[in-house]
Asker: 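Please find one structure pasted underneath; my questions will follow.
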Amino acid sequence: LRKRGGPALRVSLLQRSERLMNRQLDTTAAKLLETTLQERGMTFYTGVTLTGLQDDGQGQVCAVTLANGRQLPADHVIMAAGVCPNSALGQQAGLACERAILVDGHLTTSDPHIFALGECCQFEQHTYGLVEPIWRQVEVLAAVLCGETPAHYAEAPTATKLKVSGVQLYAFGPTEAEPHHDTLHYLDPENGDYCRLLMHQGRLEGAILYGDTRHGPWYFEQALAATDLTACRHLLLFGAADAQAVLASHASSSFSHREAA
Ligand SMILES: Cc1cc2nc3c(=O)[nH]c(=O)nc-3n(C[C@H](O)[C@H](O)[C@H](O)COP(=O)(O)OP(=O)(O)OC[C@H]3O[C@@H](n4cnc5c(N)ncnc54)[C@H](O)[C@@H]3O)c2cc1C
């Protein structure tokens, strides 16, 4: 909107949480993102809840009201309210539903002859709004319907890549460090570069990269494979190449030690 509307179109973003992308970013990365977007002319209100819309008496919106009573002028309002599963059909059919149609690890509903997957289903406490986990559900259900007994569907970590043009961002795992985490970070605010890695017992559990995100997929692979990165911990912030070289030489030297023994 900001790009297409030119300077005359003032765009404000209201967000309920205290920072942008609170499920993917820590405070530092969220602030970098906010600053970048502010520089592009956007205004942010975080930690606010929208409670009402005012109209000008002729059916045209003229302001929004926040939970703290504050009013902000607006002549267009766009709500990005997320995905809300429609489980009405399942409910009418008498299937067990909570926020969506409940399924087990084989995508079977409370009626063993009826299956559900995708945005209309709920597995444990999870509902869905991205294709990646749904593709994995498809694999499991296809195998079940072919008479096989596949491994149960299970939640798996996913990585986020931000699609805002010119903003490079890659994140996975917990946003905040917990007491058991060994945290490595690098911040260059001048260049808008930030990297924060969360390690536990030599394994990578989470990463947030802002600016230079080239090594994001490599970090994600290491986390999924639970690779022991202790030997290259001091090089991890510099990316894949040096760290991999150290890991390879560490592996070959432990192999030759074993051979010698
Ligand atoms: C604009 C947009 C952009 C998105 N971008 C991304 C993205 O970049 N990355 C990402 O991972 N996800 C994205 N998503 C989300 C992703 O598309 C959905 O999570 C995914 O498609 C859901 O799959 P599904 O099979 O549950 O439902 P759907 O893909 O919606 O399929 C449901 C099908 O059921 C059919 N249907 C509905 N009711 C009936 C009926 N009564 N009888 C017969 N057929 C019926 C529908 O016609 C439809 O074909 C986006 C979604 C939207 C809307």
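Everything quoted here is computed from the prediction, not taken from an experiment. Just so you know, ligand 1 is whichever comes first in the structure, and atom 1 is the first atom listed for that ligand.
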Asker: I'd like to check atom 4 (C) of ligand 1 in this structure: does the protein have a heavy atom lying under 4.0 Å from it?
Answerer: no
Asker: Please check this pair: side chain of Arg136 against backbone of Ala154, looking for a donor-acceptor N/O pair closer than 3.5 Å.
Answerer: yes
Asker: Return the closest protein heavy atom for atom 16 (C) of ligand 1 as residue, atom name and distance.
Answerer: Val131 CG1, 3.7 Å
Asker: If we count only non-hydrogen protein atoms and require a distance under 4.0 Å, does atom 34 (O) of ligand 1 qualify as touching the protein?
Answerer: no
Asker: Can you classify the ring geometry of Tyr219 versus His215 as parallel (below 30°), tilted (30 to 60°) or perpendicular (above 60°)?
Answerer: perpendicular
Asker: Looking only at atom types and distance, does a side-chain atom of Asp193 sit under 3.5 Å from a main-chain N or O of Asp212, one as donor and one as acceptor?
Answerer: yes
Asker: Measure the shortest side-chain to side-chain distance between Leu187 and Thr28 over non-hydrogen atoms and say whether it is less than 4.5 angstrom.
Answerer: yes
Asker: Does the protein put a heavy atom less than 4.0 Å from atom 39 (C) of ligand 1?
Answerer: no
Asker: Can you confirm whether some protein heavy atom lies under 4.0 Å from atom 11 (O) of ligand 1, or whether none does?
Answerer: yes
Asker: Return the residue, atom name and 0.1 Å-rounded distance of the protein heavy atom closest to atom 6 (C) of ligand 1.
Answerer: Lys163 NZ, 4.7 Å
Asker: Which residue holds the protein heavy atom closest to atom 9 (N) of ligand 1, what is that atom called, and what is the gap in Å?
Answerer: Leu130 CD2, 4.1 Å
Asker: Give me the nearest non-hydrogen protein atom to atom 19 (O) of ligand 1 as residue plus atom name, then the distance to 0.1 Å.
Answerer: Glu119 OE2, 2.5 Å
Asker: For atom 14 (N) of ligand 1, which protein heavy atom lies nearest, and how many Å away is it?
Answerer: Gly129 O, 4.1 Å
Asker: Give the atoms of ligand 1, by number and element, whose distance to some non-hydrogen atom of Gly118 is under 4.0 Å.
Answerer: 26 (O)
Asker: Has Thr213 got a side-chain atom pairing as donor or acceptor with Leu209's backbone, closer than 3.5 angstrom?
Answerer: no
Asker: Quiz question for you: does at least one protein heavy atom lie closer than 4.0 Å to atom 23 (O) of ligand 1?
Answerer: yes
Asker: Looking only at protein heavy atoms, which one is nearest to atom 25 (O) of ligand 1, and what is the separation?
Answerer: Ile134 CG2, 4.5 Å
Asker: N/O of Glu132 under 3.5 Å from N/O of ligand 1, yes or no?
Answerer: no
Asker: For a side-chain hydrogen bond (donor to acceptor under 3.5 Å, both in side chains) check, start with the C-alpha distance between Thr175 and Gln24, then their side-chain angles and the critical distance, and finish with the verdict.
Answerer: CA-CA 6 Å; Thr175 52; Gln24 289 88 15; over 6 Å; no
Asker: For Arg23, is there an ion pair with Glu176 - N to carboxylate O distance below 4.0 angstrom?
Answerer: no
Asker: Can you tell me if Tyr210 uses its side chain to pair, donor with acceptor, with the backbone of Leu32 under 3.5 Å?
Answerer: yes
Asker: Fit a plane to each ring of His152 and His106, take the angle between them on a 0 to 90° scale, and name the class: parallel (under 30°), tilted (30 to 60°) or perpendicular (over 60°).
Answerer: tilted
Asker: I'd like to know if atom 44 (N) of ligand 1 has any protein heavy atom within a distance of less than 4.0 Å.
Answerer: no
